[in-house]
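Read the structure below first, then the notes.
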Amino acid sequence: PPPMLSIMFFAWLVAGVMIDVTSRKQDESMAELTTLVYEHSRDAMVVTDANGIIITVNPAFTDITGYGLDEVVGRRINVLSSGRHDAAFFQAMWESIRSTGGWEGEIWNRRKNGEEYAERMTISTTYNDDSTVRCRVGMFSDITEKKRREERIWYQAHYDHLTGLPNRLMLQQGLEAKMLYARHTGAAFALLYLDLDLFKEINDTLGHAKGDELLRQVAARLLGCVRRSDLVVRLGGDEFCI
């Protein structure tokens with residue numbers, strides 16, 4: 001053909017192979033971002049099938065549990081079970097997952113080294129087009145230190161730091177429970193108040209360290225005189241209540 005026709009034909013061919021790849025590039029960028037989040041998240045992620053068989057985990061999962069990917073793939077998620085929770089706990093969890101697709105709460109699990117730890121977990125479910133379960137995704141963080149701080153704060157608020165006995169606040173709660181039980185059953189209970197004679201003199205002559213030791217000895221002896229169902233309380237100073 002004449003030269004001009006050849007140029008026009010080539011130009012038409014070049015124009016014909018041009019396609020818009022914007023959408024594909026956006027998908028690739030989103031997939032790369034998702035992978036970065038998955039790999040670098042501080043929260044552990046675990047993906048299972050509909051029956052709780054582990055498909056994959058992220059590096060944070062290994063950091064928290066001690067289990068590597070190759071050690072858990074193909075195993076059930078209960079490989080982490082600590083044994084703290086009863087059957088009713090897990091039954092309620094799975095009822096929520098099956099009915100709503102998700103569950104959120106706190107659970108105690110066990111690391112590979114045998115150490116128990118607390119985690120805050122969120123479970124969600126993804127579905128296929130036919131509404132069957134595609135996979136379940138669990139995300140959790142280690143809240144063990146937070147739980148221990150809460151336990152320490154609760155203990156300090158309810159127990160005497162010197163003797164380890166319940167304090168005045170625990171006495172109030174215990175009395176309310178005893179009185180409620182007595183009203184409902186007609187049972188009776190006894191309430192004893194006592195203090196130590198000449199305790200100030202002991203502190204003044206022998207020192208506060210000896211006085212503290214005496215209080216600890218009194219607490220131990222009182223505990224040895226009652227039943228496990230009874231309550232021995234240090235009200236403060238040298239005052240006790242049973």
Has [X] got a side-chain atom pairing as donor or acceptor with [Y]'s backbone, closer than 3.5 angstrom?
X    : Y    : answer
N78  : G52  : no
R110 : N113 : no
N128 : S131 : no
N203 : L206 : no
D160 : R234 : no
Q156 : I153 : no
S82  : W108 : yes
H85  : I107 : no
D230 : R227 : yes

Does the side chain of [X] reach to within under 4.5 Å of the side chain of [Y], using non-hydrogen atoms?
X    : Y    : value
L214 : K210 : no
V133 : N51  : no
M121 : M139 : no
V232 : V226 : yes

Closest contact, heavy atoms only, [X] versus [Y]:
X    : Y    : answer
A182 : A187 : CB-O, 3.2 Å
M170 : P166 : CB-CB, 3.6 Å
E106 : R120 : CG-NH1, 3.4 Å
G211 : F199 : O-CE1, 3.5 Å
R76  : I53  : CG-CD1, 3.4 Å

### Task
Scan for side chain to side chain donor-acceptor pair (under 3.5 Å) pairs involving residues 178-199, sequence neighbours excluded, and state none if there are none.
Y193-E239

### Query
In this structure, which one of N109, T65, T144 forms a side-chain hydrogen bond (donor to acceptor under 3.5 Å, both in side chains) with E119?
N109

Nearest 0.5 angstrom please: [X] [atom1] to [Y] [atom2], how far?
X    : Y    : atom1 : atom2 : result
L222 : L194 : CG    : CG    : 6.0 Å
L175 : L171 : CG    : CG    : 4.5 Å
I55  : L69  : CD1   : CG    : 11.5 Å
H208 : E213 : NE2   : CD    : 15.5 Å
I123 : S96  : CD1   : OG    : 8.5 Å
D70  : T62  : CG    : OG1   : 8.5 Å

## Note on the structure
Contacts of Y155 meeting ring pair (Phe, Tyr, Trp, His ring centres under 6.0 Å) (sequence neighbours excluded), chain-then-number -> Y159

### Task
Please state whether the rings of F140 and F61 are parallel, tilted or perpendicular, taking 30° and 60° as the class boundaries.
perpendicular

### Task
With side-chain hydrogen bond (donor to acceptor under 3.5 Å, both in side chains) as the test, would you mind laying out the steps for T125 and R136 before giving the verdict?
CA-CA 4 Å; T125 303; R136 304 194 196 277; 2.9 Å; yes

### Message
So, applying salt bridge (charged side-chain N to carboxylate O under 4.0 Å, His left out) with D142, which one of R148, K147, R42, R111 is it?
### Response
R111

### Query
Given T132 and Y127, is the side-chain contact (heavy atoms from CB on, under 4.5 Å) satisfied, shown in steps?
CA-CA 6 Å; T132 58; Y127 298 92; over 6 Å; no

### More than 12 heavy atoms of other groups within 6.0 Å of D129 CG
no

### Exceeds 12 heavy-atom contacts within 6.0 angstrom, atom CZ of R134
no

### Query
Should V46 and V73 be regarded as members of a common hydrophobic cluster, given that ILVMFWY residues are connected when their side-chain heavy atoms come within less than 4.5 Å of each other, either directly or indirectly?
yes

